[in-house]
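Both ligands and their constituent atoms are indexed starting at 1 by order of listing. Nothing here was measured: the structure is a model prediction, and the numbers come from that model.
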Amino acid sequence: MRRVVAFRKISMHTDLLVLGGGPGGYSAAFLAADAGIDVTLVESELRLGGTCLLQGCIPSKALLHVARVISEVEELSSDWGLEYPAPNIELDKIRQRKEQVITNLSGGLKQLAKRRKVKVITARGVFENSTTMQLQGDDASLPESRKITFDHCILATGSVPAMPSAFEIGSDRVMDSTGALQLTDIPESLLVVGGGYIGLEMGTVYANLGSKVSVVELLDGLLPGADRDLVKPLHRRLSKLCGDRIFLNTKVSSLVEVAEGIEVTFEGAEKSDVDRFDRVLVAVGRRPASNGIGLENTAVQLDERGFVICQRNQQTADSHLFAIGDVAGEPMLAHKATHEAKVAVEVILGKTAEFDKLAIPAVVFTDPEIAWAGLTEDQAKAEQRSVEVAIYPWAASGRAQAIGRTEGLTKWLIDPETQRLLGCGMVGPGAGELIGEAVLAIEMGCEVRDLTESIHPHPTLSETLMNAGEVFFGTATEIYKPKR
Ligand code: FAD
Ligand code: NAD
């Protein structure tokens, strides 16, 4: 009888090591492998996909889809006379469906890595020096030395939820976004701390599933990065959904676990008392995953918030190391990570490339959605930049009227001298799908006339992009604004 004995490699070398298998990391690994580079991807999780696929973008959008259907059906009942019985919510099935989406996509990534001959190692990577990484874990494919050497490394370790120490009380009732996405139950009452992307998206999910949701935000408005006129219609609708329990200019000073929930002390302009909640979701931002991975053993430099400092070509202060995605700075968005991956790989291939974008779209997938790209009005004001703002209210859109969603608006920020499109903001259902056209127009250096002379299909919400351009010229026929 022949015995097959598997020998572990004593040592391992790779041309390019990618640390982190999120959208930044796997894109970089796949692009580099397609270009003929020998690539090893080190990821501590058993599945590829990173925060975005496993604990972020995708599961949250799957749950938001459910929330949207519930709210649309409710709207049909109240506004259109179509009566449906109240939904029977089977949480197990919702969880299973969400898990299936993740499984399908992460399985696909595994196959794609295999076909491209990207070696995937399940281990936690820690830098020993600028060209050596220690591999912590018990994966059978790990070399005996538990070390891998490399010529270049792309650091794509992403970010983790920020949890202020005052909120770390060791209670299951206090969740971060990962906990909230698990959808363990539908709590009767949920306090969302932080009125940013995660707080409002996950708050929307739980509110539509039946929780009594409250939101507390430290600043004087929700979604601090977005222009106020875009936030207003969302705030109004969320207030209705949350029964007016959105508290601005307010902070949570303590959380205490009691027998039936969490007792929360509020201090602020709009709420200053003690209240009890079944669960608390802390969504006060994320911090870069740059700690505890041995970066001090390399020449990499971090800024005061822990982001890896890199040049526009993604190169760090260490000539062997590049950084991309959340760990490399704001905005912490998956599409920024994948575009930075392209730049880093091109530079490693010896080409000249830079991350030089005029417009990184931002989309908040609430109801209504908010989307913007390029210059914002707040930014223009802060930079004392002279811009002309052309706004098209969705109340004038036939499509918006037909679907009963007239609260939206589309606006362009335009250079008054050159008539170039500098920025775009939208609020309304589907704004996230519509903003792509604005990104292309801004990146292409389009002028308003390019927009108004491109025929948009009727009746669609995409027309509002063209119509806002017509507002600039005073030629929008569905609203009255004197000609320029
Ligand atoms: P990540 O996706 O965070 O991946 C990093 C990977 O590195 C992880 O898999 C981690 O396990 C691994 N890793 C870290 N350290 C090590 C180590 N030492 N060794 C081995 N592996 C390591 N963005 C959008 O654009 N659109 C959205 O709709 C959106 N929704 C979101 C919803 C939620 C709830 C959250 C939390 C985030 C959301 N984001 C969204 C943000 C998005 O998830 C991130 O911007 C994106 O995942 C960043 O990609 P990345 O590749 O830089 O890092
Ligand atoms: P965020 O920065 O979007 O919002 C955090 C909010 O919490 C801010 O409004 C901030 O003022 C507030 N805050 C901070 N400390 C507070 C406190 N002690 N009490 C009350 N409020 C407080 O952060 P997030 O919602 O945690 O999301 C993290 C990042 O993940 C986002 O910035 C974004 O980059 C990414 N993300 C993107 C999407 C998307 O693209 N649709 C969705 C989710 C997350």
Side-chain angles (χ1 to χ4, degrees), residues 18-28 41-61 63-64 121-127 133-137 154-162 164 166-167 176-178 180-181 192-203 215-226 247-253 266-268 281-295 323-328 330-338 340-341 360-366 369-371 432:
V18 178
L19 186 63
Y26 72 69
S27 304
L41 175 59
V42 175
E43 165 59 58
S44 54
E45 295 281 334
L46 290 173
R47 298 189 288 186
L48 293 181
T51 304
C52 181
L53 175 51
L54 307 178
Q55 298 130 2
C57 326
I58 304 300
S60 62
K61 270 71 231 180
L63 296 181
L64 277 160
I121 294 182
T122 306
R124 199 181 124 69
V126 177
F127 290 95
M133 184 169 289
Q134 293 167 8
L135 300 168
Q136 302 173 347
I154 296 181
L155 184 61
T157 48
S159 62
V160 292
F167 300 158
D176 59 17
S177 55
T178 307
L181 284 167
V192 173
V193 186
Y197 281 81
I198 293 178
L200 299 188
E201 289 186 359
M202 292 311 297
V215 179
V216 54
E217 164 60 48
L218 199 58
L219 303 179
D220 60 2
L222 299 174
L223 292 168
F247 309 109
L248 303 177
N249 285 312
T250 301
K251 75 171 188 180
V252 168
S253 51
F266 295 90
E267 274 176 37
L281 163 60
V282 180
V284 297
R286 293 178 63 82
R287 54 181 181 76
S290 57
N291 203 4
I293 56 171
L295 288 176
I324 59 171
D326 284 8
V327 77
E330 307 252 25
M332 291 196 255
L333 297 172
H335 40 274
K336 188 212 74 162
T338 53
E340 288 179 344
I360 304 174
V363 181
V364 191
F365 292 91
T366 39
E369 291 179 355
I370 293 186

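For atom 52 (O) of ligand 1, the closest heavy atom belonging to the protein is Asp326 N, 3.0 Å. Of the protein's heavy atoms, Cys57 SG, 3.7 Å lies nearest to atom 39 (N) of ligand 1. The protein non-hydrogen atom at the shortest distance from atom 7 (O) of ligand 2 is Gly194 CA, 3.3 Å. Taking atom 12 (C) of ligand 2 as the reference point, the nearest protein heavy-atom neighbour is Glu217 OE1, 3.2 Å. The protein heavy atom nearest to atom 36 (C) of ligand 1 is Arg286 NH1, 3.3 Å. Of the protein's non-hydrogen atoms, Ala283 O, 3.6 Å is the one closest to atom 5 (C) of ligand 2. The protein heavy-atom contact nearest to atom 24 (C) of ligand 1 is Ala334 N, 3.6 Å. Nearest protein neighbour of atom 15 (N) of ligand 1, counting heavy atoms only, is Thr157 CG2, 3.4 Å. Nearest protein heavy-atom neighbour of atom 4 (O) of ligand 1: Gly22 CA, 3.5 Å. Among all non-hydrogen protein atoms, the one lying nearest atom 21 (N) of ligand 1 is Ser44 N, 3.1 Å. The nearest heavy-atom contact from the protein to atom 34 (O) of ligand 2 is Met332 O, 2.7 Å. Nearest protein heavy-atom neighbour of atom 17 (C) of ligand 2: Val284 CG1, 3.8 Å.
With a 4.0 Å heavy-atom cut-off, ligand 2 is reached by no atom of Leu222. Neither the backbone nor the side chain of Val252 comes within contact range of ligand 2; no heavy atom lies under 4.0 Å. Residue-level proximity to ligand 2 for Ile198 is carried by backbone and side chain together, each with a heavy atom below 4.0 angstrom.
Between the choices Gln134, Glu43, Met332, the shortest heavy-atom distance to atom 41 (C) of ligand 1 belongs to Met332. Between Pro59, Ser177, Ser159, Gly24, it is Gly24 that holds the heavy atom closest to atom 50 (P) of ligand 1. The option with the heavy atom closest to atom 34 (C) of ligand 1, from among Gly56, Gly325, Gly292, is Gly56. Of the listed residues (Arg286, Glu201, Lys61), the one carrying the non-hydrogen atom nearest atom 30 (O) of ligand 2 is Arg286.
Between Gly49 and ligand 1, no pair of N/O atoms sits closer than 3.5 Å. Residue Gly285 has at least one N or O atom closer than 3.5 Å to an N or O atom of ligand 2. The distance criterion of under 3.5 Å between nitrogen or oxygen atoms is not met by Ile324 with respect to ligand 1. Checked against a 3.5 angstrom limit, the closest N/O atoms of Lys61 and ligand 1 fall inside it. Checked against a 3.5 angstrom limit, the closest N/O atoms of Ala289 and ligand 1 fall outside it. For the pair Cys52 and ligand 1, the shortest N or O to N or O distance falls below 3.5 Å. For ligand 2, one of its N or O atoms has an N or O atom of Leu218 under 3.5 Å away. The shortest N or O to N or O distance between Tyr197 and ligand 2 is under 3.5 Å. For Gln55, no nitrogen or oxygen atom sits less than 3.5 Å from a nitrogen or oxygen atom of ligand 1, counting backbone and side chain alike.
Put simply, no part of Pro331 is less than 4.0 Å from ligand 2, judged by heavy atoms. Not a single heavy atom of Lys251 sits closer than 4.0 Å to an atom of ligand 2.
Note that CG of Leu155 is 5.0 Å distant from CD1 of Ile293, once rounded to the nearest 0.5 Å.
Looking only at distances, no side-chain donor or acceptor of Ser60 sits under 3.5 Å from a matching main-chain atom of Ile58. No donor-acceptor pair closer than 3.5 Å links the side chain of Lys251 to the backbone N or O of Phe266. A donor-acceptor pair under 3.5 Å is absent between the side-chain atoms of Gln134 and the main chain of Val126, judged by distance alone. For Glu45 (side chain) and Arg47 (main-chain N/O), no donor-acceptor pair under 3.5 Å exists by modelled atom type. Between the Glu267 side chain and the Ser253 main chain, no donor and acceptor come within less than 3.5 Å of each other.
Other residues, nucleotides and ligands place more than 12 heavy atoms under 6.0 Å from the CG atom of Asn249.
The shortest side-chain heavy-atom distance between Lys336 and Glu330 does not fall under the 4.5 Å cut-off.
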